[in-house]
Enquirer: 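After the C-alpha cells below, expect a handful of questions from me.
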Amino acid sequence: QNLVSYQKQKNQSESITMPIDINSLRTYKGGDPDAYRTYMKQRFKDPTLVDQVLAKDESWRDLRGQIDTLRTSVNKLQREVIAPKKKAKEPCDAEVAEMKAIKAKISEMEDQLPVIADERDALLNQIGNIVDPEVPIGQDEEEDNLCVTLYPEPLEAENAGDKPLLPAPLSQLKYTLPATKPLTHDDLLWRIDGYEPIRGQAVAGHRGYFLKNAGVLLNQALINYGIAFLRKRGYQVLQPPYFMKKEVMAGIAQLEDFDEQLYKVSGKTDDPEGSTEKYLIATSEQPICGYHRNEWIDDKALPFRYAGISTCFRKEAGSSGKDIRGIFRVHQFEKIEQFCVVVDDFEESTKEQTRMIDAAKEFYESLGFPYRVVCIVSGALNDAAVKKYDLEAWFPGQQAYRELVSCSNCTDFQARGVGARCGQKKTGGGDKKSKEDMLKDKASYVHFLNSTLCATGRGICCLLENHQEENGVRVPEVLVPFMGGIDFLPFERAPMEATKGEKKGKGKGKGKK
C-alpha cells in the first residue's frame with residue numbers, strides 16, 4: 001500500500017517540477033512563510049497551501065529525527081553492549097534481536113520518508129513565485145492592468161496640468177486614441193495575395209493557412225530583421241529543437257499548459273518502446289530554458305542573451321471562437337524570442353526585464369506601430385513570473401490594442417526546474433560564520449527572463465493595418481532591405497467573399513433592431 005501511495009505521489013510530483021525554494025518557507029533557514037501567504041493571496045490562490053507544506057515538512061523532518069535517534073540507539077547498542085559481550089564470549093541473543101528489531105523499524109520508517117517528501121513537494125509545486133511590488137493587485141485585466149507607456153505620447157500628456165498621465169490603471173486612463181483606418185488585417189492580407197485560408201483549412205483543419213507571395217516575404221523579412229536587430233544588441237542566435245522530452249517540458253510548463261497549449265508527439269521513432277513522451281514547443285523559451293539544464297554556470301560569465309528563432313505550435317484550446325479570420329491567432333507560427341540568463345540577484349533581473357521591454361519598444365517604434373505597455377495584474381500571472389509586461393500595439397482597422405509582446409521575469413523559478421545553478425547564496429559572516437548563518441546559506445540558481453520580440457503572424461497583421469493605403473500596403477523603411485527592395489505591396493485581388501456562416505450571421509442581424 002505504501003509503495004502504491006509513493007508511486008502515485010511520485011507521478012504527481014514529477015508532472016511539474018518548478019517549485020520555489022522550500023527554504024523560503026522554513027523560518028529556521030531564514031525563510032518568511034508570511035510573505036508567501038501574502039503572495040498567494042495576491043495571486044488569488046489558496047494561502048493555506050503554505051501551511052500544508054510546512055506541516056508536511058515538519059512531519060518529514062520529525063521522521064528523519066526519529067530515524068537518526070534510532071540509528072544512534074543501534075550504534076550505541078552495538079558498541080557498548082553487543083561488541084563487549086561478544087568479546088567476552090557472553091550470550092547476547094536478546095540484544096542482537098533488539099538491534100534487528102530497531103533496524104527493521106528504521107527500514108520501515110525510511111520507506112515512509114520519500115512518501116512524505118513527495119506529498120510535501122506536490123503541495124510545494126502549487127505555490128507561485130514572489131510578486132513584484134509594481135504589479136497591480138487584481139484579477140480584471142481590462143480594468144486594472146497598469147499602463148506604464150504610451151507611444152506616441154498622446155496630446156493630453158503635453159497639455160499643461162495634465163502630465164504625467166502615467167502610470168495609471170486602464171479603467172482610469174483617458175486620452176485621444178491613435179487614428180483609425182478602414183480595413184482589417186485579414187482583408188488586407190487577402191487583397192495583397194498574401195495567404196490562402198480556405199485551402200489551408202482543407203489541408204490542416206481549423207486555423208490552418210498557406211502563406212503566399214507577399215505574406216511569405218513579410219514573414220521572412222520580420223524574422224531576418226528581428227535577428228539583425230538582436231544581433232546588433234549582442235544576442236546569440238539559437239534555433240532550438242521543435243519538440244521536447246516530457247521530463248524536460250515538465251520542469252518549465254505548468255500543468256494546464258499540457259492540456260490547453262501543447263501538442264503531444266505520437267508515433268514510435270527513436271524510442272520503439274514509447275517510454276519517452278515528447279511535446280511540440282509552444283515557444284522557443286521552453287527549449288532554451290533547457291539549454292543550460294543541470295549546468296553550474298560561472299557568475300562572471302553572465303549575463304547570457306539569446307535570440308530564439310522557431311516555429312511555434314499551440315492548441316489554443318481556451319480560445320475557441322476568438323480571432324477566427326486572418327493569422328492573428330493560429331496553431332502554427334514563427335516567433336523571435338528574447339531569452340536572458342542573469343545572476344541570482346533580484347535587482348539585476350529587474351534591470352534586465354526593463355532592458356528587454358525597452359528593446360521590444362524600440363523594435364516596434366522602428367516599424368511605426370503605435371503601442372502601449374501594461375503591467376499585468378497579479379491574478380493573471382503564471383506561477384513562474386514575478387512581473388509581466390505586455391506590449392499591446394494599436395490595430396487601426398480593429399480600433400483596438402492587441403498583445404504583441406509578453407515580457408516576464410521568472411527569477412530562479414524555472415531555473416530550479418532544470419537545475420541551472422550559479423553558486424551558493426551567502427548570508428555574510430565571513431570565515432567565522434555562526435551555525436545559524438551556515439544554515440541560512442542556500443543553493444543559488446540563475447534567473448531566467450523571457451520576452452517576445454516578434455510573433456511574425458501578429459506582426460504582419462499589425463503592419464498591414466497601420467501601413468494600409470488606398471491601393472495597397474506601404475512596407476516600413478526598416479524592412480525594405482529584407483524584402484529585396486520592395487517598398488509597396490499593391491492590392492492584387494478584390495475583398496474576400498464572406499463564408500456561409502458569416503452570411504448567415506449577417507442575415508440574422510438584419511432582422512433585429
Enquirer: Supply the atom-to-atom distance Thr283 OG1 to Phe333 CZ, rounded to the nearest 0.5 angstrom.
Expert: 7.5 Å
Enquirer: With no hydrogens and no angle check, just 3.5 Å: does a side-chain donor-acceptor pair link His447 and Asn409?
Expert: no
Enquirer: Between Cys289 and Val418, what is the shortest heavy-atom contact and its length?
Expert: O-CG2, 3.4 Å
Enquirer: Report the C-alpha separation of Val405 and Asp390 in whole Å, then their side-chain angles, then the decisive distance to 0.1 Å, and conclude whether the side-chain contact (heavy atoms from CB on, under 4.5 Å) test is met.
Expert: CA-CA 5 Å; Val405 171; Asp390 278 0; over 6 Å; no
Enquirer: Does Lys351 form a side-chain contact (heavy atoms from CB on, under 4.5 Å) with Glu347? I'd like the steps, not just the answer.
Expert: CA-CA 6 Å; Lys351 289 178 184 176; Glu347 186 176 341; 3.7 Å; yes
Enquirer: Taking C-beta and beyond as the side chain, do Arg207 and Pro197 meet within less than 4.5 Å on heavy atoms?
Expert: no
Enquirer: Measuring from atom CZ of Arg416 to atom CG of Asn129, what distance do you get when rounded to the nearest 0.5 angstrom?
Expert: 9.5 Å
Enquirer: Do you see a donor-acceptor pair shorter than 3.5 Å between the side chains of Lys335 and Ser310?
Expert: no
Enquirer: If every non-hydrogen atom of Asp140 is compared with every non-hydrogen atom of Val377, which pair is closest and at what distance?
Expert: O-CG1, 4.0 Å
Enquirer: Output yes when Arg233 and Glu362 qualify as a salt bridge under the 4.0 Å nitrogen-oxygen rule, no when they do not.
Expert: yes
Enquirer: Is there a donor-acceptor pair under 3.5 Å between the side chain of Lys278 and the backbone N or O of Lys245?
Expert: no
Enquirer: Output yes when Lys264 and Glu277 qualify as a salt bridge under the 4.0 Å nitrogen-oxygen rule, no when they do not.
Expert: yes
Enquirer: Do Phe339 and Phe448 have ring centres separated by under 6.0 Å?
Expert: yes
Enquirer: Taking it one step at a time, do Phe328 and His185 satisfy side-chain contact (heavy atoms from CB on, under 4.5 Å)?
Expert: CA-CA 8 Å; Phe328 185 87; His185 58 80; 4.0 Å; yes
Enquirer: To the nearest 0.5 Å, tell me how far Ile137 CD1 sits from Phe44 CZ.
Expert: 7.0 Å
Enquirer: What I want to check is whether the side chains of Ser24 and Asp32 have a donor and an acceptor closer together than 3.5 Å.
Expert: no
Enquirer: Is it true that a side-chain atom of Arg314 and a backbone atom of Val330 form a donor plus acceptor pair closer than 3.5 Å?
Expert: no
Enquirer: Do Glu285 and Gln414 get their side chains close enough for a donor-acceptor pair, meaning under 3.5 Å?
Expert: yes
Enquirer: Can you name the residues that form a side-chain hydrogen bond (donor to acceptor under 3.5 Å, both in side chains) with Gln239, not counting sequence neighbours?
Expert: Tyr242
Enquirer: Heavy atoms, side chains only, cut-off 4.5 Å: are Val50 and Gln52 in contact?
Expert: no
Enquirer: Between Arg120 and Asp118, does any NZ, NE, NH1 or NH2 come within less than 4.0 Å of an OD or OE carboxylate oxygen?
Expert: no
Enquirer: Distance-only, no hydrogens or angles: does the Ser451 side chain make a donor-acceptor pair with backbone N or O of Ile357 under 3.5 Å?
Expert: no
Enquirer: Can the ring centroids of Phe313 and Tyr263 be said to lie less than 6.0 angstrom from one another?
Expert: no
Enquirer: I'd like to check Leu218 versus Ile192 (side-chain heavy atoms, cut-off strictly below 4.5 Å). Are they in contact?
Expert: yes
Enquirer: Would you find a donor on one side and an acceptor on the other, under 3.5 Å apart, between the side chain of Gln286 and the backbone of Ala282?
Expert: yes
Enquirer: Given 3.5 Å as the limit, does a donor-acceptor pair link the side chain of Ser107 with the main chain of Lys103, or not?
Expert: no
Enquirer: Can Lys361 and Asp358 be counted as an ion pair, charged N to O under 4.0 angstrom?
Expert: yes
Enquirer: Less than 4.5 Å apart, side chain to side chain, heavy atoms only: is that true for Ile327 and Cys461?
Expert: yes
Enquirer: Answer yes if the ring centres of Phe482 and Tyr225 are under 6.0 angstrom apart, and no otherwise.
Expert: yes
Enquirer: Taking Asn382 for its side chain and Ala385 for its backbone only, find out whether a donor-acceptor pair lies under 3.5 Å.
Expert: yes
Enquirer: Can you confirm whether the side chains of Glu334 and Thr311 place a donor and an acceptor under 3.5 Å from each other?
Expert: yes
Enquirer: Let me see the working for Phe363 and Phe229 under ring pair (Phe, Tyr, Trp, His ring centres under 6.0 Å), right down to the final yes or no.
Expert: CA-CA 8 Å; Phe363 182 81; Phe229 182 90; 5.2 Å; yes
Enquirer: Please determine if Arg325 and Asp187 form a salt bridge, counting it only when a charged side-chain N lies under 4.0 Å from a carboxylate O.
Expert: no
Enquirer: For the pair Asn23 (side chain) and Arg26 (backbone), establish whether a donor and an acceptor sit closer than 3.5 Å, ignoring hydrogens and angles.
Expert: no
Enquirer: For Ser378 and Gly138, indicate whether the former's side chain and the latter's backbone hold a donor-acceptor pair under 3.5 Å.
Expert: yes
Enquirer: Grab the two heavy atoms, one from Val248 and one from Ile252, that are nearest each other, plus how far apart they are.
Expert: O-CD1, 3.5 Å
Enquirer: Are any of the side-chain heavy atoms of Arg402 and Trp394 separated by less than 4.5 Å?
Expert: no
Enquirer: Just checking, any donor-acceptor pair under 3.5 angstrom between side chains of Gln66 and Asp62?
Expert: yes
Enquirer: What distance do Leu54 atom CG and Ser59 atom OG have between them, rounded to the nearest 0.5 Å?
Expert: 11.0 Å
Enquirer: For Thr27 and Pro33, work out which heavy atoms get closest and say how close.
Expert: CG2-CD, 3.7 Å
Enquirer: When you compare the side chain of Ser284 with that of Cys312, does any pair of heavy atoms fall below 4.5 Å?
Expert: no
Enquirer: Has the side chain of Gln42 got a donor or acceptor atom that lies under 3.5 Å from a matching backbone atom of Arg37?
Expert: no
Enquirer: For the residue pair Tyr306 / Gln338, report whether a side-chain donor-acceptor contact shorter than 3.5 Å exists.
Expert: no
Enquirer: Checking Arg305 side chain against Val341 main chain: does a donor-acceptor pair fall under 3.5 Å?
Expert: no
Enquirer: Taking C-beta and beyond as the side chain, do His206 and Gln201 meet within less than 4.5 Å on heavy atoms?
Expert: no
Enquirer: Kindly indicate whether the side chain of Phe346, heavy atoms from C-beta on, has any atom under 4.5 Å from the side chain of Asp132.
Expert: yes
Enquirer: Hey, can you tell me if Phe304 and His292 have their rings parallel, tilted or perpendicular (30° and 60° cut-offs)?
Expert: parallel
Enquirer: Please find the pair of heavy atoms, one from Arg199 and one from Phe210, that lie closest to each other, and give the distance.
Expert: O-CE1, 3.7 Å
Enquirer: Quick test of your reading of the model: are Asp344 and Arg421 salt-bridged, counting only N-O distances below 4.0 Å?
Expert: no
Enquirer: Quick one: pull up CG in Leu222 and CD1 in Ile336 and give me the separation to the nearest 0.5 Å.
Expert: 6.5 Å
Enquirer: Around Lys212, counting heavy atoms of other residues, nucleotides and ligands shown, do more than 12 lie under 6.0 Å from its NZ?
Expert: yes
Enquirer: Are Asp57 and Arg61 within salt-bridge range, i.e. N to O under 4.0 Å?
Expert: yes
Enquirer: Test side-chain contact (heavy atoms from CB on, under 4.5 Å) on Leu302 and Val446 and set out the steps.
Expert: CA-CA 9 Å; Leu302 296 170; Val446 294; 3.9 Å; yes
Enquirer: Leu381 and Val135: which non-hydrogen atoms are nearest, and at how many Å?
Expert: CD1-CG1, 4.2 Å
Enquirer: Measure the CD1-CD distance between Ile20 and Gln126 for me, rounded to the nearest 0.5 Å.
Expert: 12.0 Å
Enquirer: Which residues satisfy the ring-ring contact (aromatic ring centres under 6.0 Å, His included) test with Tyr389, sequence neighbours excluded?
Expert: none
Enquirer: From the options Val131, Val53, Leu49, Ile130, select the one residue that forms a side chain to side chain contact (heavy atoms under 4.5 Å, CB included) with Tyr36.
Expert: Ile130
